[in-house]
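Chain letters run A, B, ... following the sequence lines, proteins first, then strands; residues in each count from 1. Side chains are part of it too, since the values below use all heavy atoms of this structure and drop only hydrogens, waters and symmetry mates.
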Amino acid sequence: MNYELIGISVLWLFLYGYLIVASVDFGAGFFAYYARVTKKDHIINQLISRYLSPVWEVTNVFFVFFFVGLVGFFPDAAYYYGQSLLVPGSIAIVLIAIRGSFYAFESYGSKDNAFYMFLYGATGLLIPASLSTALTISEGGFIEETGNGVQLLFGKLLSSPYSWSVVFLALVSVLYISAMFLTYYAHRAGDKPALELVRKYALFWSSPTIIASLTTFIALSQQNMEHFERALDLWWVFGISVGFFMVAVFLVYQGKYYGWAFISVMFQFFFAFFGYGASHLPYILKPYITITSAVTNETMAISLIIAFLAGLCLLVPSLILLMRMFLFDADYVKGNK
Amino acid sequence: MFELDGAMISRLLTSMTLLFHAIFATLGVGVPVLVSVSELIGIKKKDPHYTLLARRWTRGYTITVAVGVVTGTAIGLQLSLIWPSFMQLAGNVIALPLFMETFAFFFEAIFLGIYLYTWDRFKNPIYHWLLSIPVVIGGTLSAFFITTVNSFMNQPQGFELENGTVTSIDPLAAMFNPATPTKVFHVISSSYLTAAAVLGTIAAISILFKKGSAYHKKALKLTVSLTFIFAIMTAVAGDLSAKFLAEYQPEKLAAGEWHFDTEEGADLIVFGTLDENNEVQNAIRIPNALSFLAHGDFNAEVEGLEETPEDERPPLWIHYMFDLMVSIGFYTLGISMLFLVFWKVKKWNEHNKLILTGLALAGPLSMLAVEFGWIYAEVGRQPWIMRGFMTVTEAATTSPHIGAMFILFFALYVVLGTGCVVVLRKMFKNNPAEIELEHRFPQVAATKEDDNS
Ligand code: HDD
Ligand code: HEM
Ligand code: HEM
């Protein structure tokens, strides 16, 4: 295999990791706020904060890892994305900054501050919306290169149905993934009332997820026919994804095997995400950069891969330790520690 | 000279982000060291005061880390958003330490999470202390990696540039460039120093205004002793940095010292002003000291600014940045030594108002020294972003929206800064150490009546 494929696969894997852990986090913020507004916060907020407290920073690092790695493996991407994403990127940074810091302020400092919780809930929806513009512009047609460098065409971006369908998909997926995870977590904690509530959320958000996926697919054919056709060639990958979706919803509907249900959700998104990614290639940003044109030199690619492997040897055991101590430590989850 | 074009706003935005981040980053690197030391002393001496100290510091630390993480994320993204051409070129050569830095963060973040929530989980407290080691290592390693990137911008090497494309790349040579050893040493030692001094400030203020208990006095002794040690390290590292500059980046040293003509036995100019002919006025001159600072020999020749082409000279106002940094360095060294002397001489009272006030100032001043130091180092590199290869003007984004982004981020930092201060105050005001001590360690609190040590 060549370096650019290894590089993009590793990065894509990290973005996928971010997609899952960040969705859980973003959605949980929204649900926590929603529960407060509907006066149900006593049921689930304890649960949410027990999970979130130890892991929010780790979530953020997944993201940092992705973009630092992208610049490392594909320096040209830094130029094109950097130039064109100044505004949406800065907005995303501001939202992430507000979310992360106010989460810490709320949970270590002034508990149950309604305004902080509102910020936490609202940014949970706005961040995925602003980050999704990066994926949208990668389809091409939203930026132009002039003598004065690369510029983003805001008018086009804001009036494109494809762009809005991606935003919509991002939002509902966040809520769906998060609700599915919380269902599993509530079940582990043996918290019946919370389980009932989040299970309802999970079922509620499942159908919009599949509808949004379909609309995005159709809008893609308007935006980037080539990509759409490559995606059709990979129909079986998306088929597997839909299969896992059905398994997940069925299990939650039946009210059993919540763990397997969440694993199915992870597979559902794994296949959809890699199907999307694979059909996106060879372009990283159409039509300016492809993985072969943008890839860094061989020496750097090799050293990055070595650093990556060495880093994994350090991180995987530490992550396992973290999970055993919090996520899978039944006493902790139940609130006895 | 001071035109508000896109490149200038880009510089200002980067400076603002970095200087804001530097506050939290410095504490992020330094505080874990103090926490770890204090927890260990608490275990060894079986003294719950030190354990509580470590515990309360950690709690404040969670807030500053949070702001450090989010502003760091901002820098990481802004590097590409604001300096796209620079990242395109430099990414080819220096991506390795940037990439490894994220691993260091990851490592630190994971263990910080575990450390925070496991204070009472272990029968043997030494296991909990062990968890602080990876946090210390992670923080210091990330400072190391990011500083190598900054060193590379000052001393780019490990590649060749042929018609705009880079070839013959050697990532390790780029990372371990001549600027790396002194820079890393100075950045890490000054971070430790600043953290110790800031925590010392808190202890000193508690004693000054609230007649602090034995708990606060122990906190003061510990932090000031460490301040003293780290201040020596920082001064040594700073001296080595100056020697590095004299050899590899003479224009930065010359601009910082207002040393215009190459000469032997050069004087060190402290403060002062420049008149319209660039003649130094009102300055204190220390004979031959610049030669010593630059080469360790009072008669050595020091290269002057005249040797640098006019359009490649850094601005001369960085002189003040350098002088302020060094003055603060000697101040922290002096005041911490004074305290230690008064403490060791039994007859003298080390808790007299003057010394306590001096120590209370040391924390904020050290933080300022970090900021001055960075401004000196970064503006002293002007006009280059990658010395000798690319100027800041070539590197900056050409997006017309950069001005609006400056305002956006300014607002963000105001909000974050205020939030941070408000929350920290609330956290400790509503929960004074005495009450927490009684609550957590009732047996000690019962015998708390001051031992006056
Ligand atoms: C508590 C903070 C602090 C203190 C007391 C000092 N410094 Fe410093 N200094 C820094 C914090 C700092 C810094 C923020 O860490 C810098 C900015 C860039 C760097 O590498 O370190 C720095 C840079 C810096 C540089 C430029 C290095 C370069 O650009 O490569 C020199 C020559 C010195 N320092 C010299 C000194 C001397 C002779 C000091 C005498 C005691 C001193 N510093 C005290
Ligand atoms: C990855 C490493 C770094 C990069 C790419 C970088 C890049 C830059 C750039 C492009 C500028 C604007 C040019 C200028 O005005 O001088 C700048 C300025 C500055 N940087 Fe760095 N920097 C790095 C490391 C650091 C670090 C670690 C700090 C300290 C926390 C720092 C502190 C500053 C300061 C204080 C300025 C302001 C200079 C001014 O006022 O113009 N830099 N940096
Ligand atoms: C004196 C210089 C600097 C030091 C000592 C420093 C150190 C730190 C520390 C301690 C943190 C908190 C990380 C954690 O606890 O998880 C942090 C966050 C971060 N810093 Fe800085 N930093 C410096 C400058 C820079 C620069 C110039 C960059 C740009 C490349 C940068 C990028 C980041 C990023 C991306 C994060 C967030 C990582 C995360 O999400 O955990 N830092 N930095």
Side-chain angles (χ1 to χ4, degrees), chain A residues 53-55 57-58 60-61 63-65 67-69 71-73 75-76 78-87 89-94 96-105 108-110 148-152 296-297 299-300 303-304 307-308 311 314-315 318-319 321-322 325-326 337, chain B residues 59 62-63 65-67 69-71 73-74 76-78 80-85 87-89 91-93 95-96 98-103 105-107 109-114 116-118 121 134 166 169-172 397-399 401-402 405 408-409 412 415-416 419-420 423-424 426-427:
Chain A
S53 301
V55 300
E57 253 193 78
V58 176
N60 195 50
V61 186
F63 179 52
V64 175
F65 201 100
F67 69 71
V68 171
V71 172
F73 273 107
D76 281 353
Y79 177 71
Y80 284 93
Y81 278 112
Q83 269 284 9
S84 48
L85 287 177
L86 178 67
V87 175
S90 297
I91 292 174
I93 300 174
V94 169
I96 290 175
I98 291 199
R99 178 186 182 77
S101 50
F102 278 81
Y103 175 70
F105 295 168
Y108 307 126
S110 36
N148 191 25
V150 175
Q151 307 293 350
L152 178 63
T296 188
N297 55 86
T299 338
M300 182 55 82
S303 40
L304 287 177
F308 176 74
L314 193 69
L315 287 188
S318 330
L319 268 177
L321 186 66
L322 180 75
M325 285 197 141
F326 298 110
K337 268 192 189 163
Chain B
R59 220 173 309 138
T62 53
I63 302 289
V65 162
V67 183
V69 169
V70 298
T71 52
T73 310
L77 273 169
Q78 277 186 352
S80 297
L81 296 176
I82 304 181
W83 308 100
S85 310
M87 286 310 275
Q88 189 180 22
L89 178 69
N92 277 301
V93 194
L96 183 64
L98 270 179
F99 191 60
M100 292 202 278
E101 193 203 7
T102 56
F103 278 110
F105 285 137
F106 217 147
F107 190 61
I110 291 173
F111 279 93
L112 184 64
I114 300 179
L116 276 179
Y117 292 92
T118 51
R121 259 213 213 177
V166 282
I169 286 159
D170 180 351
L172 287 180
T397 178
T398 55
S399 165
H401 304 289
I402 184 83
M405 295 303 111
L408 179 71
F409 278 99
L412 172 69
V415 171
L416 290 187
C420 188
V423 169
L424 281 176
K426 218 167 162 182
M427 202 159 160

- With sequence neighbours excluded, what pairs up with B:Phe107 under the ring-ring contact (aromatic ring centres under 6.0 Å, His included) test?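 Testing B:Phe107 for ring-ring contact (aromatic ring centres under 6.0 Å, His included), a comparison that skips the adjacent residues, returns B:Phe111.
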
- Message: Checking the side chain of B:Ser80 only, and the main-chain atoms of B:Gly76 only, is there a donor and an acceptor separated by less than 3.5 Å?
- Response: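 Flag not set: sc B:Ser80 to bb B:Gly76 has no pair under 3.5 Å.
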
- Message: Report which part of A:Phe63 has an atom under 4.5 Å of a heavy atom belonging to chain B: side chain, backbone, both, or neither.
- Response: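 Side chain only.
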
- Region of B:Leu412 that comes under 4.5 Å of a non-hydrogen atom in chain A: side chain

- Item | Pick from A:Leu314, A:Ile96, A:Val71 with the largest number of heavy-atom pairs that fall under 4.5 Å of chain B | A:Leu314

- Message: Just so I understand: if I count every heavy-atom pair under 4.5 Å between each of A:Val87, A:Ile98, A:Ile93, A:Ile91 and chain B, which residue has the most?
- Response: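 Of the candidates given, the most pairs with chain B belong to A:Ile93.
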
- Message: To the closest 0.5 Å, what do you measure between CD1 (B:Ile82) and CG (B:Leu77)?
- Response: 10.0 Å

- Query: How many angstroms lie between atom CG of B:Leu96 and atom CG of B:Leu172, to the nearest 0.5 angstrom?
  - Reply: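 Answer for the CG-CG pair, B:Leu96 versus B:Leu172, is 6.5 Å.
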
